[in-house]
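First the structure, in the form of structure tokens, and then the observations on it.
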There are 2 protein chains.
Amino acid sequence: MTLRGRKKGETVPQGVVGRLPVYFRYLTELELAGVERVSSAQLGEALDFTAAQIRSDLSYFGSFGQQGYGYNVAELLDQVKQILGIKQKYAMVLVGAGNLGKAIGSYEWFRAEGFEIEAIFDVDPHLIGNRHGGCIIRSVDELTSYLKEHPADIGIIATPKAAGQSVCDLLVEGGVDSIWNFSPTHLTVPDHVLVEDMHLTDSLLRLVFRLNERRAGDGETD
Amino acid sequence: MTLRGRKKGETVPQGVVGRLPVYFRYLTELELAGVERVSSAQLGEALDFTAAQIRSDLSYFGSFGQQGYGYNVAELLDQVKQILGIKQKYAMVLVGAGNLGKAIGSYEWFRAEGFEIEAIFDVDPHLIGNRHGGCIIRSVDELTSYLKEHPADIGIIATPKAAGQSVCDLLVEGGVDSIWNFSPTHLTVPDHVLVEDMHLTDSLLRLVFRLNERRAGDGETD
DNA sequence: CAATTCTTGTCGAATTATTAACAGGATCAA
DNA sequence: TTGATCCTGTTAATAATTCGACAAGAATTG
């Protein structure tokens with residue numbers, strides 16, 4: 001078992017990180033469907049990747065398959081969970097209790113997989129004090145003092161664009177060093193802080209660009 | 001003006017497509033702030049890209065800057081809008097009026113930029129008939145007949161995992177060939193159909209993976 | 001048990017993406 | 001106007017990623 005290129009400090013390529021959750025999702029479906037074994041060719045077929053890519057991706061972390069057999073679904077799923085780090089719990093705080101914040105806060109999957117939203121904050125006095133899920137919505141003024149008492153692994157920013165950076169600064173100051181950002185703005189953070197962006201607008205614009213690219217391509221003669 | 005590699009049928013690299021919306025977003029901010037000119041170095045600094053990359057990206061579509069000056073913000077923004085194709089309107093249908101669907105349906109930015117949600121569908125009898133935004137929520141049974149009368153450019157899938165593929169099939173059958181998918185499943189579609197995925201779960205898992213990668217890295221001695 | 005069929009993990013080639021460097025030209029200051 | 005500075009668009013080099021191919025080994029069949 002060589003763990004290709006995974007010497008100390010070496011990071012896993014972006015593309016691999018992007019595909020791991022896809023594998024996780026599909027393997028979960030397979031296990032639920034009672035499928036016992038699967039080959040890289042079958043995975044590739046179902047997920048629109050090449051078989052070589054899937055084998056190559058997995059080989060960054062070890063050898064989980066068997067020649068002539070493929071992968072045992074349950075076992076591979078377990079390994080992928082291990083790799084992704086979802087065998088432990090994570091404490092999250094959510095800032096922004098608007099429509100999007102509420103949608104995120106009601107997403108059952110998080111709790112089921114050990115991602116616990118432990119507190120919700122907003123600036124709107126009409127929302128503060130309301131319950132949502134198991135949480136009372138607190139004033140964002142309390143964010144710093146809350147974090148002092150209850151450290152969080154992940155901060156979720158679901159505010160409008162204008163508030164994004166300042167909320168981010170509060171979170172970072174409060175010791176949160178992993179940020180899941182739904183606010184449509186580019187966040188500036190210190191080096192040790194991770195930001196994962198979830199920009200609805202960007203995603204839609206990518207779709208529209210490709211839509212137009214396709215339409216333009218259709219009109220061409222050669 | 002060479003339009004690097006943009007001969008007939010050639011597609012723009014993934015990375016470039018991914019960054020265009022970021023440029024759009026930031027240029028909009030700059031214009032709003034009254035900034036008149038900007039250089040690739042400044043853009044890069046603000047958005048964490050190299051200046052070379054930004055110039056290289058833009059050069060796929062033309063020459064929009066001026067030596068010794070940089071880019072005129074308003075003009076470049078206009079060009080980027082042109083490139084992305086957001087100077088026209090798009091008709092969208094939204095399937096799924098749960099928490100996430102409602103959040104998407106209430107996102108003001110869409111309407112402001114010409115993305116019009118023209119109809120909303122769901123399976124839940126409790127929701128059908130309700131108003132949301134300007135739309136009455138209809139039964140998903142009416143989706144096919146609706147699309148026959150009102151063709152849509154983009155279909156938004158905001159259903160649970162289980163319904164994702166079947167709703168997708170209905171949309172495709174109804175002539176929708178660009179799909180914005182929030183349902184946490186991999187959609188299988190014909191070649192001519194575009195899918196842009198917006199998987200909350202995948203995004204969170206990527207963040208968690210990198211979080212653990214960092215934690216592991218911190219503990220290393222050499 | 002031997003022969004055949006599968007399928008992995010890995011290597012190296014090919015492709016794709018990023019970046020540093022620079023020529024050419026505009027701007028700016030005096 | 002002149003010289004110094006600035007900045008683009010492009011090219012060439014570098015880096016990263018993807019993919020086909022294959023040796024090696026397990027499973028399966030007769």
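The nearest whole Å value for the distance from the CG atom in A:Leu58 to the C1' atom in C:dT10 is 13 Å. Protein atom CD of B:Gln53 is 18 Å distant from nucleotide atom C1' of D:dC7, rounded to whole Å. Residue A:Ile54 contributes atom CD1, which lies 16 Å from atom P of C:dT10 at whole-angstrom precision. Rounded to an integer number of Å, the gap from B:Phe61 CZ to D:dG9 P is 13 Å. Rounded to an integer number of Å, the gap from B:Leu76 CG to D:dC7 P is 15 Å. Rounded to whole Å, atom P of C:dT8 lies 13 Å from atom CZ of A:Phe64. Distance A:Gln14 CD to D:dT17 C1': 12 Å, rounded to the nearest Å. A:Leu20 has its CG atom 13 Å from the P atom of D:dT17, to the nearest Å.
Toward the 5′ end of DNA chain D lies the nearest nucleotide of A:Val16, the other residue of the pair A:Val16 and A:Gly68 mapping further downstream.
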**OP:** Would you sort out whether A:Tyr90 and A:Trp180 count as a ring-ring contact (aromatic ring centres under 6.0 Å, His included), showing the intermediate values?
**Re:** CA-CA 13 Å; A:Tyr90 295 90; A:Trp180 198 20; over 10 Å; no
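Taking the side chain as every heavy atom from C-beta outward, B:Tyr26 and B:Val22 never approach each other to under 4.5 Å. Considering only heavy atoms from C-beta on, B:Phe182 stays 4.5 Å or farther from B:Leu94 through its side chain. Under the 4.5 Å side-chain criterion, counting only non-hydrogen atoms from C-beta, A:Glu29 is in contact with B:Lys161.
A salt bridge does not link A:Asp153 with A:Lys89: every distance from a Lys NZ or Arg NE/NH1/NH2 to an Asp or Glu carboxylate oxygen is 4.0 Å or more.
Between the base of D:dA24 and the side chain of A:Gln67 there is a donor-acceptor pair shorter than 3.5 Å.
Residue A:Gln66 places its side chain closer to D:dA27 than to any other of D:dT17, D:dA27, C:dT8. Which of C:dT27, C:dT8, D:dT8 sits closest to the side chain of B:Arg37 comes down to C:dT27. Considering only side-chain atoms of A:Ser40, the nucleotide from D:dT18, C:dT27, C:dT8 that sits closest is C:dT8.
The phosphate of C:dA17 (OP1 or OP2) has no side-chain N or O of B:Tyr60 nearer than 4.0 angstrom. At the phosphate of D:dT11, neither OP1 nor OP2 sits under 4.0 Å from any side-chain N or O atom of B:Arg55. OP1 or OP2 of C:dG9 lies within a sub-4.0 Å distance of a side-chain N or O belonging to A:Tyr71.
Considering CG of B:Asn181 and OG1 of B:Thr159, their distance stands at 7.5 Å, rounded to 0.5 Å.
Against DNA chain C, the stretch residues 44-52 of chain B makes heavy-atom approaches under 4.0 Å through B:Thr50, B:Ala52.
Side chain to side chain, B:Asp169 and B:Gln165 meet the donor-acceptor criterion of an N or O pair below 3.5 Å.
The two residues B:Gly44 and B:Ile54 come nearest to each other via the heavy atoms N-CD1, 3.3 Å.
Judged by distance alone, with hydrogens and angles left aside, the side-chain atoms of A:Asn99 form no donor-acceptor pair with the main-chain N or O of B:Ser106 at under 3.5 Å.
Rounded to 10 degrees, the angle between the two end axes of the helix from C:dC1-D:dG30 to C:dA30-D:dT1 is 20°, with five pairs used at each end.
Residue A:Gly70 is in sugar-phosphate contact alone, with no base atom involved, counting any heavy-atom pair closer than 4.0 Å across all strands shown.
Taking the six-membered ring where the residue is Trp, A:Trp109 and A:Phe115 present parallel rings, their angle staying beneath 30° rather than reaching 60°.
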